[in-house]
Amino acid sequence: MTVSYTLEVADAKFGGFSKLLFRWKGSIYRLLYKEFLMFCGLYIFFSVFYRFLLTPKQQDLFERIALYCDQFTNTSFIPVLFVLGFYVTLAFNRWWGQYTSFPLPDNLMMAVSGNVHGTDERGRLLRRTLMRYANLSSVLILRSISTRVHKRFPTLEHIVESGFMTSLELKKFESHHSDFNKYWMPLTWFANLASRAREEGRVRDDIALRLLMDELNNYRAKCSLLFHYDWISIPLVYTQVVTAAVYSFFGFCLIGRQFLNPAKGYKNHQLDMYVPVFTLLQFFFYTGWLKVGELIINPFGEDDDDFETNQLIDRNIEVSMLAVDDMYQNLPPTLKDKHWE
Amino acid sequence: MTVSYTLEVADAKFGGFSKLLFRWKGSIYRLLYKEFLMFCGLYIFFSVFYRFLLTPKQQDLFERIALYCDQFTNTSFIPVLFVLGFYVTLAFNRWWGQYTSFPLPDNLMMAVSGNVHGTDERGRLLRRTLMRYANLSSVLILRSISTRVHKRFPTLEHIVESGFMTSLELKKFESHHSDFNKYWMPLTWFANLASRAREEGRVRDDIALRLLMDELNNYRAKCSLLFHYDWISIPLVYTQVVTAAVYSFFGFCLIGRQFLNPAKGYKNHQLDMYVPVFTLLQFFFYTGWLKVGELIINPFGEDDDDFETNQLIDRNIEVSMLAVDDMYQNLPPTLKDKHWE
Amino acid sequence: MTVSYTLEVADAKFGGFSKLLFRWKGSIYRLLYKEFLMFCGLYIFFSVFYRFLLTPKQQDLFERIALYCDQFTNTSFIPVLFVLGFYVTLAFNRWWGQYTSFPLPDNLMMAVSGNVHGTDERGRLLRRTLMRYANLSSVLILRSISTRVHKRFPTLEHIVESGFMTSLELKKFESHHSDFNKYWMPLTWFANLASRAREEGRVRDDIALRLLMDELNNYRAKCSLLFHYDWISIPLVYTQVVTAAVYSFFGFCLIGRQFLNPAKGYKNHQLDMYVPVFTLLQFFFYTGWLKVGELIINPFGEDDDDFETNQLIDRNIEVSMLAVDDMYQNLPPTLKDKHWE
Amino acid sequence: MTVSYTLEVADAKFGGFSKLLFRWKGSIYRLLYKEFLMFCGLYIFFSVFYRFLLTPKQQDLFERIALYCDQFTNTSFIPVLFVLGFYVTLAFNRWWGQYTSFPLPDNLMMAVSGNVHGTDERGRLLRRTLMRYANLSSVLILRSISTRVHKRFPTLEHIVESGFMTSLELKKFESHHSDFNKYWMPLTWFANLASRAREEGRVRDDIALRLLMDELNNYRAKCSLLFHYDWISIPLVYTQVVTAAVYSFFGFCLIGRQFLNPAKGYKNHQLDMYVPVFTLLQFFFYTGWLKVGELIINPFGEDDDDFETNQLIDRNIEVSMLAVDDMYQNLPPTLKDKHWE
Amino acid sequence: MTVSYTLEVADAKFGGFSKLLFRWKGSIYRLLYKEFLMFCGLYIFFSVFYRFLLTPKQQDLFERIALYCDQFTNTSFIPVLFVLGFYVTLAFNRWWGQYTSFPLPDNLMMAVSGNVHGTDERGRLLRRTLMRYANLSSVLILRSISTRVHKRFPTLEHIVESGFMTSLELKKFESHHSDFNKYWMPLTWFANLASRAREEGRVRDDIALRLLMDELNNYRAKCSLLFHYDWISIPLVYTQVVTAAVYSFFGFCLIGRQFLNPAKGYKNHQLDMYVPVFTLLQFFFYTGWLKVGELIINPFGEDDDDFETNQLIDRNIEVSMLAVDDMYQNLPPTLKDKHWE
C-alpha cells in the first residue's frame, strides 16, 4: 500500500517530522532491520574474534589492519555519499516520471460521455466497450511490469473472468501474432470502433471523432511510456557502482571501526564503548539512502511504498463505467444558483 | 496567509535581504523557536548535570564520552548537510509543481463567455451552471487535501449552503456510488451539459464545443494531478532518513558540544563560554533547513506560508461569475484609439 | 537596463571572461561595494580596538575569543557554501521561468493579422482594438508586479493617457467590482469581441475563431503565471536561513579573522599583514553569490540587470499595431525568387 | 542487448541490490576489467622497480616523490569526484532524452488505421505504404547514428532488400540531390500521399487529414531530435577535462600509493600490505563512474546496455503492418460485457 | 565546426575516452594553451625572482607570504570548485536550450508541401515564397545573434544577393519603421500570404490553413526564443563572481605554490621539484572547466565547438525548396511492398 503521510505533517508545528519516526509501516526500519542485524552480527563476530581468540601478536596485526582500514573509511576514499546523492536523485526523477505516466482514463471517459451519443442499448454498448478497451490495454501493460498485477491476472483467462475482456475478444486478440507486447491492440480496436461509431452517426461530427482520437493517443502514449520505463532501466553499471561502493565501505568498517585496546594508546582509541554508536548510525543513514534507491527503482513491486496498481485498475474501470453509462446525459436539473441576482 | 516579500527586495540594494531577517510572520523564528528552546533546555540540563551533579570521576567519564561524541559530530559521519540539500530540493520541486497544478478557471471561463451564447435567462443559466460545476469540482478535490478547506466545508451540506451546489445536485451526486474520490463527477456534468448546449444551438459550432472540451480536460488534469500529488508523497523512508539524521546529529551535540573544564587541557577546550554560540547557530541552520522541508512538503496545511486555498476558491468563483455573467457581451464601445492615424 | 554581454564573449579566446571583470555597469562591484566598505569599516574598528584600546589582559581574552571564532569559521560549521549553491540554483530557475512567462503578443498579432479581415475602418478598428486589449492586460499585470512599470503608470488614468485604454473602457473596467486583480478583464473583452467579429463575418470561419481563442489562452496563461510567480515566492523561511547563514558567518569573521599578535605564537598567526586579503576575498565571493540571489529573486525591480519591462511594453504595442494595421494584407509583390529554375 | 534488471529488484527486500553485483552481462566488471588489469600491471611494475631495482639513494628519492604525489591525491587537488558527478548527470539526461526521442509509429498507425478507409486493395495499399514511409524514415535516420543499424543496412540496397523500400522508391529517392541527410524525404512522400488520399476520398474529412499531418509532424520531430542529439554532443572540451582528470589522478596514484618501507617511519606508512586495497577500490569506483559516462554518452553503439535499435525497427514495422492491415476494421463482435446490468 | 565525436566512443571499450585526449581540433588544449603558457611564465618569473633576486631577508619575507597564500589556496577559502560546478551546469542547460530553439523549417515545409496546391506557376510561386519568408526570418534573427552569420550577411543587401529576399521585399521591409528587431515581419507576410492562398482556393480548407498557422507560430516561437536567449544572459554578476574566483585563486597560487628552500624545513616543503606539477594540473582542470563555461555561454560565436549556423541556414533553404517544389506531388508509384500477402 502506498504510504500517505503528508496530511499528518500538513503544518510545520513543534516536533514536525518527529512523529513520522515512530511508524513501522512503510518505514526505513522495516526495510532495513535485517541488514542491520546482519551487520551487527558480523561486527560482534569480529569483536569477539579480536578480543578473545587472537594471540597478542595476532592482535597487534589486527590492530594495524584495523587502523589502516579506519584511515580510509574516514577520509573520502570511497565516495559513498556523493555517488548516492546523484544516484537517488536520478532514481527519484524516474520514479515520479513513472507515476505521472500511469494511464488514467478520466479524460477519455469524459470525451466518450460527451461525444458518443444514444441512450439506447447500442449507445450504451458503444460507450462501455470503448472504455473497456482502454482499460483492457492498461491492464495488459501493467500485467507485464507490475508483479502485483501479474499475480492477480496470471493468465489472459483471468482477465476474461474479471470482465475486462470477452472470450471472443480474447480469441481475436490471440489470432494476431506478434513477437512483441500486444498491449496496444485493444486501443486499435478503440480507434476502429470510434471510426465505426462516426459512420453510424453516434459520434455526430468529425471534430468529436478527432477529440476521441486525441485522447486515445494521449492514453496510449502513457501506456507506451510505462512500458519503456520498464524496459530501459538506469544502466546496470551505475547501480553496480553505487551498490559496490556502499557494501565495500561497510565491509571495511567491520574491521576498521572495532574498538582497539585503549591501553595501547592508539589515536582516537581512548575509550572502549563496545557498541560503535556512530558506525551504526552511519550504517543506518547510508544504507537507508541506498534502500530509498532500491525502493523507488521499481515502483511496481510489492513494497509498502510501491504504487497500488491493483487498486488503481479497479478505480479506473469503476469510474469509467460510471461516467459513460450511469452518468450519460443523467444531469441534475439546471436550476438558478444561490447567488443568482 | 502566503507570505509575499519579493517586492520588498525588488532592488538588490545595500543591506538587501537583511531587512527580511526582522520579520516574524512566516519567519523561521516562528517556526523554530519551540525546538530551539527545547534544545537549549536540554543543553542546560546536561551542562548543569556535568558541572554540579557529577563526582570528579564521573566527570572524567562524561568528558571522555563528550570528546567521543564531539569527534563524530565534527567530521562528516552523519551526512546531514548533503542529505538535507537533496531532500529539500526534491521537496521544493514538488511544492512548486503543486502550486502550478492548482486548478484556475480562467481559461475555461473565457471559453464559456465567448462560446456559450444567449443573453436570456437560459443562456445565463447555462454559463453560470457550467462554471459552477468547474468550481465545485475544485472545491471537492481541495476539501480532501487541504486542512483549511476541510475546516471550511466539513460536510457536503456546507458546500450546498455556500452556493457551490444545489441540493438537487447533491442528491444526484450522492446517488452515484463509488469507492473512490468523486471529485470528477461535476466535470462529467459539465461535459454533458456542454454537449446539450450544443444541441440547443447555444454553442454554435463543433469547434467551439471542442474548445470547451479541451479546456475542461486541462482543468480536470490539474485537479487530478493535485489529487495524485497528495496521494503519492515523497517515500516515507526518505523523510525518515533525513529526519533521523538531523535529530540524531543534534542529540549527540547535546553531549559532545558541552564546554569541558578548561583546566583539564582537552584540545579545543581552552575556553568555557557557557553559551555554545556555534552549536546554536548550527542548530538554527540545519534544523531551519529541515523546517523548510516540513513547510513545503504539504503546502495545503495551515502554515503561514501555505497556499491560501480558501482565498483562491473565493477568487475563482467570483471571477468565474463575473466573466460569464456580468461581462458576457458587455463590451465597452469599440472606438478609435489615441494613436489611430 | 538588462546587461547583455554574451556577444563580447562569443569566442572563447585568450583571456576570455577576463574582460568582463572590468565592467562597472551591472557589475558585482556596483552591487557589493557598500557592503564591502561597511565590512572593512567594522573590521578596522575591531582591529584598532584590539590593538590600541585593550589592556594586555583584555587582549588575551580577545585573542581567545578570536581563536574560538576562527576555529568555527574555518570548518564547515556554518554551511554557507552548500546552502547558497542550492538556493541560488532555485532562484535562477524561477528567474528564467519568469522571463519565459513574459507575455509577448507576437503569436496573437499574427493570428489577428491573418484572420480578422477587412481593409475598411471597421476592420482596422477590430484588429487594433483586439491587440490593444491584449497589451492592456499585460500592462495591468506588470503594473502590479514591476516597480518600474508602476512608476510609469501610477494610476489607471496614466494608462488611459498613454493610449492603452480609452476613458470609456476605463469606466467599464471600473464598473465591475472584484476583490482580486482584474488584469484578465480586457482579455474577456477580447474573447467577446472576437466572438462578435465572427458573427459579423470579419472572422470567416470557426477554425479561425478557435485559433484566436487558443492564442488568447496562451497569452492569458503567461499573464497568470507571471502573477503567480509574484504571489508565491520562495518561502521566506528559506531566504531567511540563507541570509542568516551568510551574515552570521561574516559577523564571526570580523573577530575570528583578526591578525593576532605574532609574538604570542598562536597557530597560523605568524604574520601580521594588517589587510586580511583572503577574508576579503571570501566576503567578495560569498556575499557576491548571495547578491546574485538578491538580484534574481525579483527580476521586476530596478536593478541594472532586471528585465526592461517598460521597453518591452513599448515594443509590444508598437509591433502589435504594425503587424495588424500597417502590414495587414500589405504584401510585397510575389515574384519568382533568384533560384527559380 | 539492453539489460533490464528492475524486475529482479522489484521489492526492496533483504540483500536488495546485492544480487545485482553477481551479474556479468552488462556489468561494470565486464566494462572495466581490462583497465583494471592494466592499472594493476603498472602498479606492480612500479612496486618491483622501487623494491628491487633502485639503489638505496634512488629509493630515497622515489620515496620523496611518492610522498609528494600522495599528498596531492589525498587532498582535493584534482577534483575528480565533483567533475564526474556533474558530467555523468548531464550525460544521463541526454541519454534518457535520446531514448524518449526514439520514433515509435504507434500513434501514427492508429491514426492511419482509423482514418484511411477502404478494405479493397487500394485502401490496403495506401495504409501499408504510408506506414512503410514512416518506418523507412526512421531506418534512414538510425542508419546514420547507430553502428548496429549501419551494420545491418550498409547500403540503401539492403534497405530495399529488407522490404522497407521498393526499388522505384530508391530511384526517386536518389533522384533528389541534397548535401544533407535526406531522412525526411519519405515523410514528405507521406504528407503528399495523405493529401492524395484525401482527394480520393479515402480520408473522409479535413479533420482526419489534419490528424494524420499532426501525427506525422510529431514523428518527424522525433527523428529530427535524434539526428541533432547525434550531431551536437556534449562539448569535447568537457569530456576531455573529465577524462584527463580521472586519468591523471590514477597516473599519480601509481607512484603515490606505493607502500614505502615501513622501517623508514613515514607517516601513514607503518604497514606494507603489498596490495593497495583502497587504491584499487578507488580505481574501481572512479573509473567505474567514468565508464558509466562512456556507456551512456552514445546509446546507439554496441555495448551490452545500448538501445536495441534493430529489435525496435523490427517491432515497429511489424506492429505498423498489423495495425493498419490485419486489424483494419477487423473488430471483435461488440457484445455486452460481464458487468452489464 | 561543431565537433562530433560520439561515434568514436559509441562502444565503451578498453581505453574508452582516452583516444579523445589526443585530439587538437576543438580540444581543451587549443582553448587553454595561451593561458597555460602565461601562467607558466608568471610562475617562472616569481620563481626566478625569489631564488636569485632577493636578499636572504627578503626571501624570508617572501617565504612567509608564500606560506600564508598557500594555506588559503589549500583550504576551501575560495570556493572555486563549487561555484564552477553550479555555473557550468546552468550554462550547459542554456546551451542545449538554445540549440533546441534553433528554427528548423521541416514541419512547416511538410505542411506547405501537403496543403498549398497547384502544379502551375502560381502554385510553385506560393509554396516557394512562403518557405522563403520563413527562412528569411531565421536569417534575420541569426544575423543579429551569430557573429558568423553577421560576417556572411553584413548588410541586408547581402541577403538580397543571396536570394533570400527580392529587392522589392527589401524595400517593403524597410518601409516599416520599428525601433526593435524586425525579424518577425516576413512571418507576418507568411500569415497574410497563406490567408490569400486560402482565398484563392490554393489552400483547400480552413483546417489546412490552421495547420499552416500553427506551424508558423511554432516556427516563430523558436525565432523569438533564440532572440531572448541572446538578450537575457546569465546575470553578469554571476559570471563575474565565477571568473574572479578562478582568477584570484590562481593569482595566489603563483606565490603560494612556489617551492621554498627545503633547507629551511617548512612543512610540506621538503622537496624542490622546480616544476609544480599539481598546481599546473589544477590550473588545467579548473581553468579548463571555466573554459567550458566560456565556450558554451554563447554558442553562436566562432569557436570550434559553436553551432554551425551558416551550414544550417544553407541546409534549411535547400531542403525547404526541395520539399515544396521538386517533391510536390512527385511521388514514387505506390506499389505493393515486398511483404504484401
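The model shown is predicted, which means the values in this text are computed figures rather than measured ones. When reading the values below, keep in mind they use all heavy atoms of this one structure, side chains included, and skip hydrogens, waters and symmetry mates. Residue numbers start from 1 in every chain, and the chains themselves are labelled A, B, ... in the order their sequence lines are given, proteins ahead of strands.
- Between Ile255(B) and Tyr68(B), every side-chain heavy-atom pair lies at or beyond the 4.5 Å cut-off.
- Within the 4.5 angstrom heavy-atom criterion, only side-chain atoms of Leu90(B), from C-beta onward, approach chain A.
- Comparing Arg220(B), Arg196(B), His228(B) by heavy-atom pairs within less than 4.5 Å of chain A, the highest count is held by Arg220(B).
- There is no contact between Ala208(A) and chain B, counting heavy-atom distances below 4.5 Å.
- Contacts with chain A were tallied for Ala191(B), Pro235(B), Ser178(B); Pro235(B) has the most, counting heavy-atom pairs under 4.5 Å.
- Taking every heavy atom of both residues into account, Pro332(A) and Tyr133(B) meet most closely at CG-OH, 3.5 Å.
- With salt bridges taken as basic N to acidic carboxylate O contacts below 4.0 Å, one links Arg204(A) and Glu199(B).
- A salt bridge links Arg210(B) with Asp214(B); the closest basic N to acidic carboxylate O contact falls under 4.0 Å.
- Trp184(B) pairs by the side chain to side chain donor-acceptor pair (under 3.5 Å) definition with nothing, not counting sequence neighbours.
- For the options Asn115(A), Ile28(A), Val277(A), heavy-atom pairs under 4.5 Å to chain B are most numerous at Ile28(A).
- Under the 30°/60° scheme for interplanar angles, the aromatic rings of Tyr238(B) and Tyr87(B) are found to stand perpendicular.
- Contact annotation for Tyr328(A): both backbone and side-chain heavy atoms come within less than 4.5 Å of a heavy atom of chain B.
- Ring-plane geometry between Phe307(B) and Trp95(B) is classed as tilted, the angle between the planes lying from 30 to 60 degrees on a 0 to 90 degree scale.
- Between Thr129(B) and Thr334(A), the side chains place no donor N or O within less than 3.5 Å of an acceptor N or O (distance only, hydrogens not considered).
- Ring geometry, Phe39(B) versus Phe250(B): the interplanar angle exceeds 60°, so the pair is classed perpendicular (tilted spans 30 to 60°).
- Of the atoms belonging to Met165(B), not a single heavy atom falls under 4.5 Å from chain A.
- Looking at Leu84(A), neither its backbone nor its side chain comes within 4.5 Å of chain B, counting heavy atoms on both sides.
- Contact of Val324(A) with chain B is not made at all, since no heavy-atom distance falls under 4.5 Å.
- Ranked by heavy-atom pairs under 4.5 Å with chain A, the list Arg128(B), Met213(B), Arg64(B) is led by Arg128(B).
- Note on Glu215(A), Met327(A), His117(A), Met110(A): by heavy-atom pairs under 4.5 Å with chain B, the leading option is Met327(A).
- The contact between Trp96(A) and chain B is made entirely by side chain atoms (from C-beta outward), counting heavy-atom distances below 4.5 Å.
- Residue Tyr219(B): no heavy atom, backbone or side chain, is found under 4.5 Å from chain A.
- For the set Glu121(B), Met321(B), Arg122(B), His177(B), the count of heavy-atom pairs under 4.5 angstrom toward chain A peaks at Glu121(B).
- Using cut-offs of 30° and 60° on the angle between ring planes, the pair Trp189(B) and Phe173(B) is perpendicular.
- Your options are Leu125(B), Thr239(B), Leu126(B), Asp179(B), and the one with the most heavy-atom pairs under 4.5 Å with chain A is Leu125(B).
- If you tally non-hydrogen atom pairs under 4.5 Å between each of Asp106(A), Leu20(A), Asn93(A) and chain B, the highest count goes to Asp106(A).
- For a residue to count as touching a neighbouring chain, one of its non-hydrogen atoms must lie under 4.5 Å from one of that chain's; by this rule Thr89(A) touches chain B with the side chain only.
- Between Ser248(B) and Phe284(A), every side-chain heavy-atom pair lies at or beyond the 4.5 Å cut-off.
- Only the side chain of Leu312(A) comes within contact range of chain B, judged by heavy atoms closer than 4.5 Å.
- For Asp206(B), the salt bridge (Lys or Arg N to Asp or Glu O under 4.0 Å) partners are Arg198(B), not counting sequence neighbours.
- In this pair, Phe252(B) and Phe278(A) present their aromatic rings tilted. The plane angle is within the 30 to 60° band.
- Ring geometry for Phe36(A) against Phe283(A) counts as tilted: the plane angle lies between 30° and 60°, on a 0 to 90° scale.
- Counting heavy-atom pairs closer than 4.5 Å to chain A, the top residue among Leu209(B), Val83(B), Ile207(B), Thr166(B) is Val83(B).
- With a 4.5 Å cut-off on non-hydrogen atoms, Leu21(A) touches chain B through its backbone and its side chain both.
- Heavy atoms of Glu318(A) lying under 4.5 Å from chain B belong exclusively to its side chain.
- Looking at Arg30(A), there are no atoms closer than 4.5 Å to chain B (heavy atoms on both sides), in backbone or side chain.
- For chain A, no part of Ser175(B) is nearby; none of its heavy atoms comes within less than 4.5 Å.
- For the set Leu322(A), Leu211(A), Leu32(A), the count of heavy-atom pairs under 4.5 angstrom toward chain B peaks at Leu211(A).
- The parts of Leu187(B) that come within reach of chain A are both its backbone and its side chain, each placing non-hydrogen atoms under 4.5 angstrom from that chain.
- The side-chain tip of Arg124(B) points at the ring of Trp340(A) from less than 6.0 angstrom away and within 45° of straight on.
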